[in-house]
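Taking it in order: structure first as structure tokens, then the write-up.
Computed from heavy atoms alone, side chains included, the values below leave out hydrogens, waters and symmetry copies. Every value quoted in this text rests on a predicted model; they were computed, and no experiment measured them.
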Amino acid sequence: MTMSNIRGMRGFLASSIGVTCAAALALPLTPPAVASTARPALSAEAATRAETVAGPAVRRGDAESYVPGSTQSMPLAPLTPLARDRVVGAPAIEGLSPRDVRHFSLVGVVWDDPDAELHGRVQVRTRAVGTGTWSGWQDVETHNDDHSADLGSAERTSGRVRGSTAPLWVGESDAVEVRVTAQATAEAGSEEGARVPGSGDPTPSDGTAVVSPLPAGLRLELVDPGEAAPAPDDPAAPRPGSLQSETAETAEALGAAAADTAASAANAELAPLGVAQIPALGRAESERELLALRGNELTQAQRAKPYIGPRPRIVTRRGWGANEGWRERRFVYTRKVKAAFVHHTATGSKYWCSQVPSLIRGIYRYHVKSMGWRDIGYNFLVDKCGNIYEGRAGGMAKPVLGAHTLGFNTNSMGIAVLGSYGSRKPTGAAVRAVARLTAWKLGLYGANPRGKTYLKSAGGNLYRKGKNVRLNVISGHRDGYSTACPGRQLYRKLGAARAAAARYQGR
């Protein structure tokens with residue numbers, strides 16, 4: 001049999017499996033009785049995961065140009081006004097004129113220097129694939145530098161990290177227009193210049209406003225989340241020793257399969273290998289799990305009366321379809337989990353909960369491929385239907401070091417509620433999910449959700465490096481960094497989340 005025949009048969013098998021299993025592999029929104037081994041179906045076309053750089057405008061509906069699970073990275077250019085409209089000292093504007101592109105669902109802007117801030121406004125409008133209708137102009141959250149690894153950390157100094165906006169979920173689209181406009185800020189050293197990211201740039205009262213230049217190397221990132229990566233036990237996956245295994249593509253796939261197994265094995269204390277979700281446990285079961293996981297670290301009083309909430313159902317990385325070949329292979333841990341920082345993703349709230357696996361895959365790809373992080377930044381994610389998802393790999397019960405709160409990633413965890421909650425109220429289901437998750441995970445480390453704790457700052461715009469800071473055990477991102485995150489409306493709900501989490505722990 002020729003190599004081309006083998007490839008063709010492999011594609012036929014993958015396509016057939018994807019069609020047959022699609023309905024059976026959908027994730028339920030209610031807790032199952034046992035751990036599920038299902039994962040989203042994979043089409044043969046989705047096995048190709050290549051970085052793509054947009055060149056000339058593509059024909060609308062051109063199927064040959066569409067690569068599922070890809071990123072189009074497009075440099076922005078100055079948008080020069082007509083001569084009669086030019087104003088001396090006017091702010092710089094960069095962007096792209098309307099153009100057809102390959103399919104994408106998530107958009108963001110990145111730039112070269114991760115320490116450079118974009119003082120300005122980023123706006124995009126997109127054309128929906130289904131209707132061909134252009135959206136109105138949408139604002140992209142510009143200040144995303146505070147959702148990151150700590151200054152001086154190995155992840156931050158890898159040489160791959162870029163500055164970035166938050167990603168915005170726009171749904172499946174095939175055309176885009178973008179404009180980035182510089183805005184006035186206070187002169188360096190001006191007291192009035194202290195900013196709160198995401199709340200608008202300050203306008204000093206003493207006339208010292210200046211227009212900051214836009215960061216160098218602005219690029220538009222158009223992300224297509226693609227479909228789920230193939231499971232290592234997928235019959236269509238290549239096997240060592242076959243003719244397929246001689247190709248570089250197959251070697252890469254085998255490496256991703258090993259990484260997939262490692263990510264799943266990190267949760268072996270909680271569920272069987274390869275599951276798409278870990279099931280919820282009752283209180284008594286969760287207490288027994290705590291004793292099994294950390295019993296030798298507990299005091300006699302803690303063993304006699306453990307304070308831990310019932311473990312909630314959590315969708316694993318395999319469950320939302322993570323391609324483990326994208327992230328760095330090794331896992332990095334901190335010592336313990338003393339606090340939880342609550343975030344919002346600022347991706348907008350116009351998503352269906354059935355779209356969440358795709359949304360998370362898009363954020364994951366943006367964090368790793370566009371921003372240069374080692375993995376998705378958050379330890380957990382929560383959707384508006386109250387579903388909880390595993391974030392950064394390394395084990396849900398373990399103190400995995402994240403990249404979520406600049407200055408306070410050590411001895412903490414980051415929980416991101418999917419959506420934007422500056423003016424929109426979070427759902428009750430989302431707030432309850434935050435409470436259930438923190439009651440369990442903080443309970444594993446003996447932390448009281450209504451209590452206070454001390455964390456040492458690694459440096460930021462609120463606290464100098466080395467300062468011991470007293471924080472709520474459940475804090476908002478803005479408590480550790482001057483930022484609008486997690487949005488005014490979600491921040492207002494943290495008191496209720498603390499009280500509920502404490503009740504779940506039996507306090």
Side-chain angles (χ1 to χ4, degrees), residues 108 110-119 141-166 188-189 193-198 212 215-217 326-343 363-364 366-380 391-395 398-416 445 453-471 475-486:
V110 301
W111 52 91
D112 296 340
D113 184 358
D115 297 321
E117 296 183 358
L118 194 163
H119 293 285
E141 172 60 60
T142 57
H143 298 293
N144 199 44
D145 55 314
D146 47 335
H147 296 248
S148 70
D150 291 335
L151 299 173
S153 66
E155 183 170 4
R156 180 83 178 201
T157 58
S158 67
R160 299 187 301 271
V161 178
R162 304 178 186 90
S164 66
T165 68
R195 68 171 179 84
V196 177
S212 299
W326 297 349
R327 64 171 175 83
E328 286 187 8
R329 294 292 188 267
R330 68 189 182 98
F331 305 135
V332 181
Y333 299 99
T334 183
R335 291 191 303 110
K336 60 180 67 174
V337 180
K338 298 171 62 178
F341 285 97
V342 178
H343 304 257
I363 295 173
Y364 173 42
Y366 185 70
H367 282 187
V368 175
K369 298 290 190 179
S370 299
M371 298 171 60
W373 293 358
R374 62 186 310 274
D375 194 352
I376 194 170
Y378 309 112
N379 297 103
F380 296 92
R392 181 163 286 205
K398 299 174 182 176
V400 177
L401 180 68
H404 49 82
T405 306
L406 179 63
F408 293 100
N409 290 300
T410 298
N411 293 336
S412 72
M413 67 173 178
I415 303 169
Y445 294 87
T453 192
Y454 281 91
L455 294 178
K456 181 177 289 187
S457 172
N461 64 3
L462 277 182
Y463 302 105
R464 60 174 174 79
K465 183 177 180 179
K467 181 177 176 59
N468 281 318
V469 182
R470 189 168 185 258
L471 294 161
S475 286
H477 186 180
R478 63 174 63 183
D479 295 323
Y481 195 94
S482 180
T483 175
C485 183

- Query: Can you check side chain to side chain contact (heavy atoms under 4.5 Å, CB included) on Thr165 and Trp111, steps first, answer last?
  - Reply: CA-CA 9 Å; Thr165 68; Trp111 52 91; 3.9 Å; yes

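- Contact record, Gly460 with Ser457: N-OG, 4.4 Å, taken as the closest heavy-atom pair.
- At a threshold of 4.5 Å between non-hydrogen side-chain atoms, the residues Val110 and Tyr366 count as touching.
- Taking 4.5 Å as the limit, every side-chain heavy atom of Leu471 sits out of range of all side-chain heavy atoms of Tyr454.
- The distance from atom CG of Leu462 to atom NZ of Lys467, rounded to the nearest 0.5 Å, is 11.0 Å.
- Between Leu401 and Arg392, the closest heavy-atom pair is O-CD, 3.2 Å.
- Atom CZ of residue Arg160 and atom OG1 of residue Thr157 lie 9.5 Å apart, to the nearest 0.5 angstrom.
- Using a 4.0 Å cut-off between charged nitrogen and carboxylate oxygen, Arg156 and Asp115 count as a salt-bridge pair.
- For Lys336, the NZ atom sits in a loose shell: 12 or fewer heavy atoms of surrounding residues, nucleotides or ligands are nearer than 6.0 Å.
- Taking every heavy atom of both residues into account, His404 and Ser412 meet most closely at CE1-OG, 3.4 Å.
- Between His367 and Trp373, the two ring planes are tilted [angle within 30° to 60°].
- Side-chain contact check for Asp375 versus Glu328: every heavy-atom pair is 4.5 Å or farther apart.
- At least one donor-acceptor pair closer than 3.5 Å links the side chain of Arg374 to the backbone N or O of Arg330.
- Aromatic ring pairs are classed by plane angle as parallel below 30°, tilted from 30° to 60° and perpendicular above 60°; the pair Phe408 and Phe341 is tilted.
- Side chain of Asp113 to main chain of Pro215: no donor-acceptor pair is present (N/O by atom type, distance under 3.5 Å, no hydrogens or angles).
- If you take CE on Met413 and CZ on Phe380, they are separated by 6.0 Å, rounding to the nearest 0.5 Å.
- The shortest heavy-atom contact between Gly476 and Pro486 is CA-CD, 4.2 Å.
- At least one donor-acceptor pair closer than 3.5 Å links the side chain of Arg162 to the backbone N or O of Ser370.
- Minimum interatomic distance between Lys338 and Thr453 (heavy atoms only, all atoms of both residues): CE-OG1, 3.2 Å.
- None of Thr410, Asn411, Asn409 except one satisfies the side-chain hydrogen bond (donor to acceptor under 3.5 Å, both in side chains) rule with Thr334; the exception is Asn411.
- Separation of atoms NE2 (His477) and CG (Leu406) is listed at 7.0 Å; rounding is to 0.5 Å.
- A heavy-atom distance below 4.5 Å is not found between the side chains of Thr405 and Tyr378.
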